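Computed from heavy atoms alone, side chains included, the values below leave out hydrogens, waters and symmetry copies. Because the structure is predicted, anything quoted here is derived from the model rather than measured. Naming convention: chains lettered A, B, ... in sequence-line order (proteins, then strands); numbering from 1 in each chain.
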Amino acid sequence: MSRPEDNLPPDLFYNDTESHKYTTSSRIQKIQSSMTYRALSLLHLTSPSLILDIGCGSGLSGEILSNSASEGTPGGPHIWIGFDISSSMLGIAIEKEVEGDLMLADAGQGVPFRPGTFDAAISISAIQWLCNAETSEESAAGRLSRFFNGLYASLRRGARAVCQFYPKNEQQKTMVSSAAVRAGFGAGLLEDDPGTKNAKTYLVLTVGGGDLDG
Amino acid sequence: MKLLTLNFLTCAVKTCKTSASSFPLHPRDSELEIVEAEINVQFLQNILPRLMWEELGGLVNELGLPSLPPTAPLPSALVESKLQAPESDTTGLNIEKLEVPSQVARDLHRVLLETCIMSGGLVCGNCGHEYKVLEGVANFLLPAHLV
Ligand SMILES: [Zn+2]
């Protein structure tokens, strides 16, 4: 199977047809939502928080963040700000009238919020895109470093971020997690169902050098 | 885009990172809409110490909305006690003290979470770059030379 990020940059790949396919596939929706719950369990939120959703797409994770604790969202309902590079994906989120704020932005260009803005950040199936540089002017390393430096600064001390992503290989896994460590994060990689075709990789990040306990 | 978000958003241009005037962004030709949302007092109490109150007041004035009080309310001012009998009590005699959102909380909720910029621009006070807002979504994609 060819990986979408090997072919086109996400803003071109997720055109209207692809965005629609992605959002209406119930299999993808189910996987996305279970990964969101998994990420939430790793964030340890206990009260309504301000959360950044990196690569929010059509708002599948955001809808879960907006749910209350009694609907199964730990600490919820949360208020979230999502950004995505695909305007078609955001268009679907607008149609669904998701509750979070949406921005058209490229995580590889940084995270334009003042220091200490967010209680937490979440990213589902997005940051592998950062490893692809689209023009000769930019490198994957530069995109990763702008993203993690910006993310680190935008989080409160003691905050956590969980990024589920699909690394192409071990080298890419190392490249991503070491970029996070260079930005100042405490970082751990967690793998569910390792070695199977359902393997899922979560990068668990902490701000302020706190130890990982989950 | 909610006014809450604008109280945290800065200019994304590389050379603006160290400039104090790259925050807050200034709205231009904005079209506002009230998008109703359920009040979340716990969230308001959480976010209150992180708000830049003076800048929020400035934004509200730039948008021509009613002015905010000069200083931020205390988190304790966001709830008030109300004496009432629980719904399950048909006698109406078992009066309890309930914590409900105060008017201060409802006003803050209206400003931060229900007042949305649907279209217009957001302008950096340092470099003058304008970020367009369409259908409530701000476009923060930058040309490569500004990153
Ligand atoms: Zn600027």
Could you check whether A:S125 and A:Q164, counting side-chain N and O atoms only, form a donor-acceptor pair closer than 3.5 Å?
yes
Do B:N126 and B:S22 pair up side chain to side chain, a donor and an acceptor below 3.5 Å, judged on atom types alone?
no
In terms of side-chain heavy atoms, does A:Q29 have a donor or acceptor partner in A:S26 at a distance below 3.5 Å?
no
Please identify, among A:S47, A:S49, A:G116, the residue contributing the most non-hydrogen atom pairs under 4.5 Å to chain B.
A:S49
Counting heavy-atom pairs under 4.5 angstrom with chain A, the leader among B:L134, B:L44, B:N40 is B:N40
Against chain B, label A:I94 side chain, backbone, both or neither, depending on which of its atoms sit under 4.5 Å from a heavy atom there.
side chain
Mind listing the closest non-hydrogen atom pair of A:A107 and A:F147 along with its distance?
O-CB, 3.3 Å
Any idea how B:F140 and B:Y131 line up, ring-wise: parallel (<30°), tilted (30 to 60°), or perpendicular (>60°)?
parallel
Region of B:L141 that comes under 4.5 Å of a non-hydrogen atom in chain A:
both
If one checks every heavy atom of A:F83 against chain B at 4.5 Å, the contacting part turns out to be neither
So, the part of B:I117 with a heavy atom under 4.5 Å from chain A: the answer is neither
Contact winner vs chain A - B:A12, B:A37, B:A138, heavy-atom pairs under 4.5 Å:
B:A138
Within the 3.5 Å criterion, strictly below it, is a donor on B:R50 or B:N7 matched to an acceptor on the partner's side chain?
no
If we define contacts as heavy-atom pairs under 4.5 Å, which of B:L142, B:V133, B:L146, B:L4 has the most with chain A?
B:L142
Could you tell me if B:W53 and B:T71 have a donor-acceptor pair between their side chains, going purely by distance under 3.5 Å?
no
What part of B:F23 is in contact with chain A, defined as an atom under 4.5 angstrom from a non-hydrogen atom: side chain, backbone, both or neither?
side chain
Below 4.5 Å, heavy-atom pairs only: which of A:G91, A:G108, A:A105 has the largest tally toward chain B?
A:A105
Proximal component of A:Q109, with respect to chain B [non-hydrogen, under 4.5 Å]
both
Structural part of A:I81 lying under 4.5 Å from a heavy atom of chain B:
side chain
Going by atom types alone, do B:D107 and B:Q103 pair a side-chain donor with an acceptor below 3.5 Å?
yes
